[in-house]
Amino acid sequence: MQGTVRLPGSKSISNRTLLLAALANGTTRIHDLLASDDTLVMLMALKQLGVAWEQAEGTQTYTVHGSDGSFPVHQADLFMGNAGTAIRPLTAALAAMGGDYTLHGVARMHERPIGDLVDALNAVGTRIAYTGVAGYPPLHIQRGQLHTQRMQVRGNVSSQFLTALLMAAPLMAKHEAVTIEVVGELISKPYIEITLNLMQRFGVSVERDGWQSFTIPAGQQYRSPDTIHVEGDASSASYFLAAGAITGGPLRVEGVGNNSIQGDVRFVEALQQMGATITMGDNWIEASSNGVLKAIDADFNHIPDAAMTIAVAALYADGPSTLRNIASWRVKETDRLSAMATELRKLGATIEEGSDYLRVTPPAQLQAAAIDTYDDHRMAMCFSLASLDGAALRGTVVRINDPQCVAKTFPDYFTVFAQIAEQTLL
Ligand SMILES: O=C(O)C1=C[C@@H](OP(=O)(O)O)[C@@H](O)[C@H](O)C1
Ligand SMILES: C=C(OP(=O)(O)O)C(=O)O
């Protein structure tokens with residue numbers, strides 16, 4: 001498969017930028033915001049909270065009028081879909097502001113943990129209650145009495161809890177510094193770098209001691225940087241880069257490159273280990289190969305989303321591959337370890353599913369299969385790769401059930417995928 005794909009905007013950067021712009025002093029113009037379910041959830045929530053924004057017609061340029069640290073509306077019932085990057089940061093920001101808010105989402109959102117974040121916040125005086133099952137949304141937030149100089153949060157279930165506290169911290173550090181300590185292990189670390197980078201661009205600096213503690217000096221206010229340009233999504237890039245590696249390519253993605261602040265660009269290191277050739281510019285990445293992929297055995301804790309793409313690319317490798325340290329897969333859009341194991345087996349692979357690892361032994365010949373997607377955009381996108389001709393394989397008939405779930409982060413994924421496939425055939 002050959003060609004060039006212009007990537008949609010990064011989900012992680014889009015939703016962080018929207019929230020920071022909404023909290024900031026001043027007006028922010030955001031270019032290339034991701035258009036998807038997850039960003040729509042954030043945009044609609046901000047509108048309900050009284051934050052004014054406009055979309056320039058026919059573009060993904062948005063102008064957000066910052067509320068200077070305090071949303072105008074103090075009572076709201078907010079639908080968060082299944083967007084972790086919306087519910088977690090908004091919970092912390094709204095709890096810090098105080099008001100009367102409920103946050104809820106789709107059924108799966110009510111099975112995704114949020115207890116470590118709620119514990120961290122309630123320990124310093126916020127009032128967040130569970131209206132369903134303890135530890136999970138829906139949540140009810142009321143006004144509390146804050147004493148936030150020292151906060152503690154666990155980071156072994158999701159890094160988004162630390163991200164949420166960091167982004168809300170300037171609201172709580174008006175007169176005294178706030179220190180956030182990470183208790184135990186922290187997973188998905190590169191996402192914290194995205195958070196700190198964007199906070200910095202909005203004028204807030206954070207002092208850090210490695211991954212252990214983060215101090216937000218008192219008296220800082222988010223200030224609009226005027227303009228923010230959202231990079232292409234590095235996780236979305238992984239499907240096309242893997243397609244280049246599986247088929248020989250070259251396949252190029254535009255929108256991310258050497259200058260990216262997203263940890264998922266490190267997906268290319270895994271492809272390189274598998275024998276692919278990667279070239280990169282400031283704003284593009286290209287993958288090609290000689291059509292033979294090597295098996296890989298690696299820790300994927302730093303790139304949990306893009307790692308799903310490796311699990312499917314492993315079908316084309318020359319032996320068994322092992323993806324380690326991916327327990328967080330179990331609490332995302334679906335139990336991804338179990339879903340991945342079930343669907344890879346349908347294609348003929350031999351799978352060992354551990355509590356926090358997956359071992360994929362490719363079959364001699366892929367079998368045609370109908371793949372279930374579990375309302376998980378990444379299941380739909382990464383299994384599209386199983387339809388490709390590897391060097392040693394003929395194209396396989398893969399049916400993707402319920403493909404519309406890609407709307408979470410990449411609504412026209414299958415149109416783009418089909419365009420590249422057709423161009424290659426011409
Ligand atoms: O902060 C972020 O933007 C994200 C962090 C990761 O979650 P965990 O920290 O829960 O692994 C990732 O899987 C998610 O898609 C986006
Ligand atoms: C885990 C994901 O999403 P969320 O931001 O909802 O956690 C994902 O996009 O793979």
Side-chain angles (χ1 to χ4, degrees), residues 8-20 34 36-42 80-92 103 105-106 108-117 137 153-167 182 185-199 211 230-231 233-239 261-264 266-267 300-309 311 325-337 339-340 356 373-382 405-411 413:
S10 154
K11 170 196 74 172
S12 296
I13 297 175
S14 292
N15 270 355
R16 283 168 174 77
T17 301
L18 283 173
L19 180 57
L20 295 177
L34 170 64
S36 79
D37 284 356
D38 277 13
T39 48
L40 194 61
V41 154
M42 180 63 99
M80 299 278 96
N82 195 7
T85 55
I87 194 170
R88 286 143 175 186
L90 272 172
T91 294
L103 291 91
V106 300
R108 176 61 181 171
M109 178 63 105
H110 299 172
E111 296 172 350
R112 296 185 65 188
I114 198 160
D116 292 335
L117 176 61
V153 66
R154 294 171 62 84
N156 63 338
V157 170
S158 170
S159 70
Q160 291 177 4
F161 306 147
L162 175 58
T163 279
L165 294 181
L166 284 166
M167 288 205 283
V182 179
E185 182 206 356
L186 175 66
I187 65 165
S188 304
K189 292 187 181 74
Y191 289 97
I192 301 303
E193 301 287 7
I194 301 179
T195 305
L196 296 174
N197 182 294
L198 289 170
M199 287 173 67
W211 299 104
V230 177
E231 295 175 15
D233 193 294
S235 320
S236 299
S238 72
Y239 312 109
I261 62 168
Q262 298 168 75
D264 265 11
R266 292 185 56 196
F267 171 78
F300 285 96
N301 194 273
H302 60 303
I303 54 166
D305 295 356
M308 291 176 75
T309 313
N325 208 359
I326 50 172
S328 74
W329 276 20
R330 295 207 184 273
V331 294
K332 299 200 188 259
E333 281 75 339
T334 184
D335 177 341
R336 288 175 167 173
L337 266 159
M340 187 60 83
D356 69 346
T373 47
Y374 307 77
D375 209 13
D376 182 347
H377 54 142
R378 298 200 195 286
M379 288 294 288
M381 294 190 281
C382 63
C405 58
V406 298
K408 188 174 194 284
T409 55
F410 199 158
Y413 176 77

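Every number for a ligand or one of its atoms is a count from 1 in the order of the listing. What you see below is based on every heavy atom in this structure, not just the backbone, and it leaves out hydrogens, waters and symmetry mates.
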Quiz item: Distance-only, no hydrogens or angles: does the Arg88 side chain make a donor-acceptor pair with backbone N or O of Gly84 under 3.5 Å?
Solution: no
Quiz item: Among protein heavy atoms, which sits nearest to atom 7 (O) of ligand 2, and what does the distance come to when rounded to 0.1 Å?
Solution: Arg112 NH2, 2.7 Å
Quiz item: Of all the atoms in ligand 2, which lie at a distance below 4.0 Å from a heavy atom belonging to Lys11?
Solution: 2 (C), 3 (O), 4 (P), 5 (O), 8 (C), 9 (O)
Practice problem: Report, as yes or no, whether the 6.0 Å neighbourhood of atom CG on Asn156 holds more than 12 heavy atoms from other residues, nucleotides or ligands. | Solution: yes
Quiz prompt | Enumerated ligand 2 atoms positioned under 4.0 Å from heavy atoms of Arg336 | solution = 1 (C), 8 (C), 10 (O)
Quiz prompt | Validation row: Leu337, Asp335 side chains within 4.5 angstrom (heavy atoms) | solution = yes
Quiz item: Just wondering, do Arg154 and Leu186 contact through their side chains at under 4.5 Å, heavy atoms?
Solution: no
Quiz prompt | Heavy-atom pair with the smallest gap, counting every atom of Leu34 and Ser10 | solution = CB-O, 4.3 Å
Quiz item: At their closest point, which heavy atom of Gly9 faces which heavy atom of Asp233, and how far apart are they?
Solution: O-CB, 3.5 Å
Quiz item: How far is atom 7 (O) of ligand 1 from its nearest protein heavy atom, and which residue and atom name does that atom have?
Solution: Lys332 NZ, 3.1 Å
Quiz prompt | Protein heavy atom at shortest distance from atom 10 (O) of ligand 1 | solution = Ser158 OG, 2.6 Å
Quiz item: Measuring from the heavy atoms of Asp305, does anything fall under 4.0 Å of ligand 1?
Solution: yes
Exercise. Kindly write out the residues that satisfy side chain to side chain contact (heavy atoms under 4.5 Å, CB included) with Ser188, not counting sequence neighbours, or none if the list is empty.
Key: Ser159, Tyr191, Pro304
Exercise. Decide whether the shortest distance between a heavy atom of Met308 and an atom of ligand 2 is less than 4.0 Å.
Key: no
Practice problem: Any atoms of ligand 1 less than 4.0 Å from a non-hydrogen atom of Thr85? List them with their elements. | Solution: 2 (C), 3 (O)
Quiz prompt | Distance-only side-chain donor-acceptor flag, Thr334 / Asp376, under 3.5 Å | solution = no
Self-check item: Distance-only N or O hit between ligand 2 and Ala83, under 3.5 Å
Solution: no
Exercise. Verify, without hydrogens or angle tests, whether Arg112 (side chain) and Asn82 (backbone) share a donor-acceptor contact under 3.5 angstrom.
Key: yes
Quiz item: With a 4.0 Å cut-off on heavy atoms, does Arg108 reach ligand 2?
Solution: no
Quiz item: Any idea which protein heavy atom is nearest atom 16 (C) of ligand 1, and the distance to it?
Solution: Gln160 NE2, 3.4 Å
Quiz item: Looking only at atom types and distance, does a side-chain atom of His110 sit under 3.5 Å from a main-chain N or O of Gly105, one as donor and one as acceptor?
Solution: yes
Quiz item: Are any of the N or O atoms of Lys332 closer than 3.5 Å to those of ligand 2?
Solution: no
Quiz item: Should you measure from each heavy atom of Ser12, which atoms of ligand 1 turn up under 4.0 Å away?
Solution: 2 (C), 3 (O), 16 (C)
Exercise. Please could you name the atoms of ligand 2 that Asn82 approaches to less than 4.0 Å, counting only its heavy atoms?
Key: 6 (O)
Self-check item: Residue and atom name of the nearest protein heavy atom (relative to atom 9 (O) of ligand 1), distance in Å to one decimal
Solution: Ser159 OG, 2.5 Å
Practice problem: Out of Glu333, Arg378, Met381, indicate the one that has the non-hydrogen atom closest to atom 1 (C) of ligand 2. | Solution: Glu333
Practice problem: List the atom of Ala311, the atom of Trp329, and the distance in Å for their closest heavy-atom pair. | Solution: CB-CH2, 4.3 Å
Quiz prompt | Over all atoms of both residues, closest heavy-atom pair of Arg330 and Arg108 | solution = O-NH2, 3.2 Å
Self-check item: Part of Thr85 with heavy atoms under 4.0 Å of ligand 2, whether side chain, backbone, both or neither
Solution: both
Quiz item: Between Arg16 and ligand 1, is there a nitrogen or oxygen pair with a distance under 3.5 Å?
Solution: yes
Practice problem: Could you tell me whether Asp38 and ligand 2 have an N or O pair separated by under 3.5 Å? | Solution: no
Quiz item: Side chain or backbone of Ser12 under 4.0 Å from ligand 2, or both, or neither, by non-hydrogen atoms?
Solution: neither
Exercise. Establish, yes or no, whether a centroid distance under 6.0 Å links the rings of Phe410 and Tyr239.
Key: no
Quiz item: At a 4.0 Å threshold, what atoms of ligand 1 neighbour a non-hydrogen atom of Ser188?
Solution: 8 (P), 9 (O), 11 (O)
